[in-house]
2 protein chains.
Amino acid sequence: MGWHVRADARRNLGKIVEAAAEVMAERGVDAPMEAIAKRAGVGVGTLYRRFPDRHALVVAVGDHYIHTMADALDRASAGADAWAAIREFVTWAAEPGRAALATALAEVPQEAIAGSAEFARKRAGWVEGFDALVRRAQADGSMRADVTVEDLIHLLNVFTCHPGRLPEPVASRPVRYLHLMLDGMKAGAATPGAAPSPRDPS
Amino acid sequence: MGWHVRADARRNLGKIVEAAAEVMAERGVDAPMEAIAKRAGVGVGTLYRRFPDRHALVVAVGDHYIHTMADALDRASAGADAWAAIREFVTWAAEPGRAALATALAEVPQEAIAGSAEFARKRAGWVEGFDALVRRAQADGSMRADVTVEDLIHLLNVFTCHPGRLPEPVASRPVRYLHLMLDGMKAGAATPGAAPSPRDPS
DNA sequence: CCCTAAGTGGAATCCTGAATTCCGGTTACG
DNA sequence: CGTAACCGGAATTCAGGATTCCACTTAGGG
């Protein structure tokens with residue numbers, strides 16, 4: 001029944017999640033547990049007691065950060081200019097250290113999401129918000145209509161995933177490439193004869 | 001002194017290089033040697049006798065394909081329209097199965113290139129040709145001036161690297177994303193206030 | 001202040017997935 | 001045919017991590 005969770009234990013839990021976020025941003029979602037423990041200044045044992053498996057840890061990280069993503073998106077969406085908002089958000093997301101988010105939010109979903117309805121819901125909400133923004137930009141004619149939120153999200157994942165998974169020059173300047181992509185997504189940027197398949201009805 | 005290299009041995013060599021190209025396209029340059037051997041219908045031992053280490057194998061593959069790349073580039077460059085040529089070449093390069101080339105030509109260079117002056121020279125020649133094309137497109141005003149061949153090459157590598165290194169939706173339609181990128185590279189696509197750093201003098 | 005449940009670190013162990021070696025058995029071909 | 005070249009792939013070695021376990025510390029209620 002109601003027994004005490006020692007204060008220091010709770011504190012460690014926090015340190016672990018943060019450490020996990022950092023390490024996973026640098027080395028990918030499947031960074032060695034030991035590396036995470038070390039970064040958190042904690043023994044592997046402790047880590048394992050809190051999170052039975054990597055899964056739990058990933059969900060925890062995602063859950064911990066989904067808010068940050070949502071906030072950033074809201075903040076960017078505030079203005080009336082949808083296109084500018086998208087650009088602002090993408091730029092923000094590409095900042096170094098932010099990778100963990102994209103990672104946690106994308107690389108695991110399939111299994112992890114199933115394990116945490118809570119997390120799944122939040123993520124879905126975020127995607128929905130992003131989608132609304134995209135549609136807004138397309139509606140006001142600033143963004144070409146044949147690209148989707150998914151495109152944006154995927155691309156975001158590609159360019160902000162941990163270094164070592166991308167050729168160095170790309171990994172070190174994700175914003176440059178992300179902006180290039182955005183330029184290609186502006187209304188009118190489409191090359192006539194051979195446009196990417198439009199909003200896929202599948 | 002002059003002894004015979006058995007015909008079947010030479011044949012196997014060929015099979016190995018081709019198998020290596022295939023497997024490396026699917027699993028990356030560091031695909032397990034055994035997988036390559038199996039694909040080639042040969043024992044690991046045989047593979048090791050021909051190529052002391054993965055290095056040699058990679059160089060062999062690169063060497064085997066650099067021609068294909070060069071040819072495709074020449075073919076595309078033939079017409080007068082430089083921009084169209086770039087688009088054509090990129091499209092060609094993104095076709096499934098072509099990944100090995102980019103991979104072999106990019107993921108290893110550092111060490112491998114040093115090991116094969118021959119290969120290094122060919123590769124350099126190819127890059128030079130590609131660069132000429134890019135400059136031509138920029139000169140005739142069809143391509144923005146603040147992007148470089150390197151950008152193109154890197155992006156080509158990113159989008160055509162083996163599946164499993166990219167989020168599935170991206171891996172399965174590299175052309176779509178490459179074209180998006182090209183659209184962003186067209187003259188006039190640049191977003192005023194915040195252009196990517198121009199040809200870096202570094 | 002003391003006792004004990006809660007919490008801790010990290011050595012020890014177990015696994016997995018390759019790399020690399022080795023050699024008895026084949027085969028091309030002079 | 002005889003034999004130098006070649007083969008295949010089982011066997012061995014290795015690296016990196018996951019996971020377990022338990023002797024040893026503490027927080028913190030009484």
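Proteins come first, then strands; the chains are lettered A, B, ... in the order of their sequence lines, and each starts at number 1. What you see is a predicted model; the values in this text were computed from it and never measured.
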Could you tabulate the donor-acceptor pairs under 3.5 Å formed by side-chain atoms of residues 40-51 of chain A, not counting sequence neighbours?
none

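When heavy atoms are screened at a 4.0 angstrom cut-off, A7(B) is found touching the sugar-phosphate backbone but no base atom.
R87(A) and T191(B) are linked by a side-chain donor-acceptor pair at a separation below 3.5 angstrom, with hydrogens and angles left out of the test.
Rounded to whole Å, the distance from CG on L57(B) to P on dA19(C) is 11 Å. What separates CZ of R54(A) from P of dT19(D) is a distance of 8 Å, to the nearest Å. Between the CD atom of E34(A) and the P atom of dG9(C) there is a distance of 13 Å, rounded to whole Å. Rounded to an integer number of Å, the gap from Y48(A) OH to dT13(C) P is 18 Å. F51(B) has its CZ atom 15 Å from the P atom of dA19(C), to the nearest Å. Atom C1' of nucleotide dT8(C) and atom CZ of R11(A) are separated by 13 Å, given to the nearest angstrom. Here the C1' atom of nucleotide dC14(C) and the CE atom of M33(A) are 16 Å apart, to the nearest Å. Rounded to whole Å, atom C1' of dT20(D) lies 14 Å from atom CG of L47(A).
A tilted orientation is assigned to the rings of F89(A) and W126(A), their planes being inclined by 30° to 60°.
Rounding to the nearest 0.5 angstrom, the gap separating the CD1 atom in I86(A) from the OG1 atom in T91(A) is 11.0 Å.
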Counting primed atoms, P, OP1 and OP2 as sugar-phosphate and everything else as base, the B/S/- map of nucleotides 2-13 of chain D against protein heavy atoms under 4.0 Å is ---BSBBBB---

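Considering only residues two or more places apart in sequence or on other chains, R54(A) meets the side chain to side chain contact (heavy atoms under 4.5 Å, CB included) condition with D30(A), M33(A), V58(A).
Electrostatic pairing of R136(B) and D140(B) does not count as a salt bridge here, judged by no charged N lying under 4.0 Å from a carboxylate O.
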